[in-house]
Trainee: 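First the structure, which I've put down as structure tokens, then a few questions once you've had a look.
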Amino acid sequence: MSSSALVANPALEDSALSPISFEGSRLPHCSPEPILIYITVPGSPVIPMMVLESDSVASVKLRIQSFKGFVVRKQTLVSNGRELARNDSLVRDYGLSDGNVLQLETRLSDLRSVTIKTTCGKKYEFQVESRRNIGYVKRQLAEGGWALGNLEDHKLVCDGEEIGDERILDDVCKNNDAVFHLLFSQSAKVRSKPVEKDTELSVVAPGVKKKKGIDDPQMVAEMPRHRYCWIQQLIIDPKVEHSPAIMELVRSTSAGLERGNPPILSTEGCGGVYFMQDALGHRCIGVFKPVDEEPMAENNPRGSQLSTDGEGMKRGTRVGEGAIREVAAYVLDHPVGGRRRVSDEAGFAGVAPTVMVGCLNRGFHRSEEDTGAGKTIKVGSLQMFVENCGSCEDMGTGAFPVEEVQKIAVLDIRLANADRHAGNILVCKDNKDRIKLAPIDHAYCLPDRFEDCTFDWLYWPQAREHFSGETIAYIKSLNAEEDIALLKSYGWELSPECSRTLRISTMLLKKGVQRGLTPYDIGSIMCRVTPEKKSKIEEIIREAGNAIRPCSREIAFLESVSKMMDRHIDKLLS
């Protein structure tokens, strides 16, 4: 689509999209002339927008957020396959000019737990995305056996007005005292009330006749097994044994598929992300990410542009490798006691159990050219679903324990994570009601260069605290060579470039704690201040390369990096 065809769009007259300056965003030497860019949002027409080269990325996101109710704090802006990840950078830092198109892409949203109570006092739970509609809730009621008869005959009524199936659950339940009536053969009431961040639906259906020996009205006949529904782990090395948690995750997911509970495509996210249900269809137990539906992949369900050179949305990553990187983050998140063994011992940073699987189901996204009618096996990562209270993006950072933040910092530094933002750190509670943080979304870890390393926690107060003795001992036990060999046994033989990244990041982490550096000090060495200004670690790598002969072996290069790193840390501490 040419830019000239959109210049006369009436939306330009909207005040939210008119040129605007933000305090501190305009520099004296910057041109005050606005540039015209276009915002694309899935399911919406192209939106023209006037910005200044001196506008910050944060200010552009804020403008979009104020227009048509877009909630940008859980979304990303992408231009030419590159995410505008640094909010404090200027528009010109990313090379935006007249006619450029920015894609507004949403991230993985939280799920809500919906509780169904029957007249007999029995309780059932299932997971519902916050943006699910009433029609979906009704289908869940029918599949659970609580809404009898023809689904089309059922109506939800609120304040005398019928609620259409297309209405979103959150919109209907804004009022804490809302009462809904589910109308079928007998009248029933459905009361909705918030329970912390979840929603509880209480179904009261007087006079429902029960079959003898059955506590609740339900579907008695077993659902037919689907011929084209199965999932199994991919075994690269038969010597690798998976933990009981992994085995149970695969077994439960398989049972859910065989009972006819389809994968649920998330309404948010840059790629295909599916919530996998248990056998009863009452709760989400896993998150499946197929490789062919990753951002910029050929079968991406969001319509993102294809990668022209195979590089992913983050520099140094490859399209189609996101799933194995997800598994790598779990494998390398070693427990405190040492390397991961065949047990359910949690990793140091709390990465949820993750495994590569092959899955067959008609519920996955298919391209128009796909003639397999859903018979093609999808390969991807399956991760255990993490029950949570929200993400760090939803609350103030001051409430997070120092040790929890620093555990994630250790993981991100080791893996040179190129996509750590507050939205992919989940906030959980243990059995003693203590806050625990759980990192997710590691498709952009272990890149082949450090260009896009991004750590949101870098600017949290906990990052400026020194590491605890336990954390220092854990870091001292790390060994990059053992990690590279371990990943190979799980099916990923790192490229020489990615191996170098892991060796250098591990070296920096170990040297940093030995010299008393904080997570902030180490993270600042790895992350760029602006998209175009190289980070300290990139400068160290360049200087190390210049200091040795071009044909030197890798060990000589790493020795040179070590010397340059020591020199930089000396200067930092002087």
Side-chain angles (χ1 to χ4, degrees), residues 108-115 117 123-128 130 193-200 243-249 252 275 278 282-287 329-330 332-354 383-412 414 420-442 456-457 460-475 477 518-519:
L108 187 63
S109 65
D110 296 327
L111 292 182
R112 292 197 173 205
S113 177
V114 174
T115 302
K117 291 182 179 179
K123 186 170 68 173
Y124 298 90
E125 295 183 354
F126 57 91
Q127 300 289 336
V128 180
S130 59
K193 67 177 181 179
V195 179
E196 294 181 350
K197 77 184 293 292
D198 298 332
T199 300
E200 179 177 284
S243 69
I246 289 285
M247 303 298 288
E248 176 60 21
L249 172 62
S252 299
F275 298 118
D278 66 359
H282 294 160
R283 64 187 184 95
C284 172
I285 56 174
V287 179
Y330 168 66
L332 297 188
D333 184 25
H334 307 301
V336 174
R339 296 295 177 266
R340 188 173 298 285
R341 300 178 177 86
V342 186
S343 69
D344 289 337
E345 186 178 4
F348 183 73
V351 179
T354 313
Q383 184 171 84
M384 182 178 294
F385 178 76
V386 179
E387 298 289 347
N388 63 87
C389 312
S391 71
C392 290
E393 197 172 43
D394 301 322
M395 52 196 73
T397 59
F400 309 140
V402 173
E403 61 273 17
E404 289 296 303
V405 174
Q406 294 192 351
K407 286 177 181 178
I408 292 175
V410 170
L411 179 74
D412 289 342
R414 280 181 67 208
R420 176 62 72 215
H421 53 79
N424 59 28
I425 305 177
L426 301 181
V427 181
C428 313
K429 294 282 187 72
D430 65 11
N431 53 13
K432 295 183 179 179
D433 207 37
R434 294 174 300 192
I435 290 179
K436 297 290 183 180
L437 300 182
I440 58 173
D441 295 347
H442 298 102
D456 258 16
W457 49 258
W460 299 359
Q462 298 90 333
R464 295 181 181 269
E465 298 287 337
H466 287 281
F467 289 108
S468 66
E470 181 186 23
T471 300
I472 292 175
Y474 176 81
I475 293 171
S477 71
T518 65

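Please read all numbers here as calculations on a predicted model, not as lab measurements. Throughout, residue positions are numbered sequentially from 1 according to the sequence presented.
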Trainee: Any idea which heavy atoms bring Arg420 and Ile440 closest together, and the distance?
Mentor: NH1-O, 3.2 Å
Trainee: Ignoring hydrogens and angles, tell me if any N or O in the side chain of Arg434 forms a donor-acceptor pair with the backbone of Pro401 under 3.5 Å.
Mentor: no
Trainee: Are the side chains of Leu437 and Lys407 in contact, using a 4.5 Å heavy-atom criterion?
Mentor: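 Not in contact.
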Trainee: Calculate, to the nearest 0.5 Å, the distance between atoms CE and OG belonging to Met384 and Ser252 respectively.
Mentor: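 Interatomic distance, Met384 CE to Ser252 OG, rounded to 0.5 Å: 8.5 Å.
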Trainee: Quick check: do Met395 and Val427 have side-chain heavy atoms less than 4.5 Å from each other?
Mentor: yes
Trainee: To the nearest 0.5 Å, how far apart are OH in Tyr330 and CD in Gln383?
Mentor: 10.0 Å
Trainee: If you round to the nearest 0.5 Å, how far is SG of Cys392 from NE2 of His421?
Mentor: 11.0 Å
Trainee: Hey, is the main chain of Ala409 close enough, under 3.5 Å, to the side chain of Asp412 for a donor-acceptor pair?
Mentor: no
Trainee: Using the side-chain contact (heavy atoms from CB on, under 4.5 Å) rule, take Ile435 and Glu404 through it: C-alpha gap first, then chi angles, then the decisive distance, then the call.
Mentor: CA-CA 8 Å; Ile435 290 179; Glu404 289 296 303; 5.6 Å; no
Trainee: Rounded to the nearest 0.5 Å, what's the gap from CG on Asp441 to OG on Ser391? Could you check?
Mentor: 10.5 Å
Trainee: How far apart are the closest heavy atoms of Thr397 and Pro461, and which atoms are they?
Mentor: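 In this case the closest contact between Thr397 and Pro461 is OG1-CD, 4.1 Å.
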Trainee: Do you know which two heavy atoms are closest between Pro439 and Val351, and how far apart they sit?
Mentor: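 Closest pair (atom of Pro439, atom of Val351, distance): CG-CG2, 3.9 Å.
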Trainee: Do you know which two heavy atoms are closest between Ala422 and Trp460, and how far apart they sit?
Mentor: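 Scanning both residues completely, I find the closest heavy atoms to be CB-CZ2, 4.2 Å.
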Trainee: Considering all heavy atoms of both residues, which atom of Ser468 and which atom of Gln406 are nearest to each other, and what is their separation?
Mentor: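 Taking every non-hydrogen atom into account, N-OE1, 4.2 Å.
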Trainee: Any heavy-atom pair between the side chains of Ile425 and Phe400 that's under 4.5 Å?
Mentor: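 The answer is no, as the side chains (C-beta and beyond) never meet within the 4.5 Å cut-off.
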Trainee: Cys428 and Glu387: which non-hydrogen atoms are nearest, and at how many Å?
Mentor: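 Nearest pair, atom of Cys428 first, then Glu387: SG-O, 3.4 Å.
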Trainee: Evaluate the ring planes of Phe385 and Phe275, with Trp represented by its six-membered ring, and classify them as parallel (under 30°), tilted (30 to 60°) or perpendicular (over 60°).
Mentor: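 If you compare the ring of Phe385 with that of Phe275, the planes turn out perpendicular.
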Trainee: Do His442 and Leu411 come within less than 4.5 Å of each other through their side chains, counting heavy atoms only?
Mentor: yes
Trainee: Using 0.5 Å steps for rounding, measure from the NE2 atom of His334 to the CD atom of Glu345.
Mentor: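 Answer for the NE2-CD pair, His334 versus Glu345, is 12.0 Å.
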Trainee: Can you measure from NE2 (His466) to CD1 (Ile472) and round to the nearest 0.5 angstrom?
Mentor: 9.5 Å
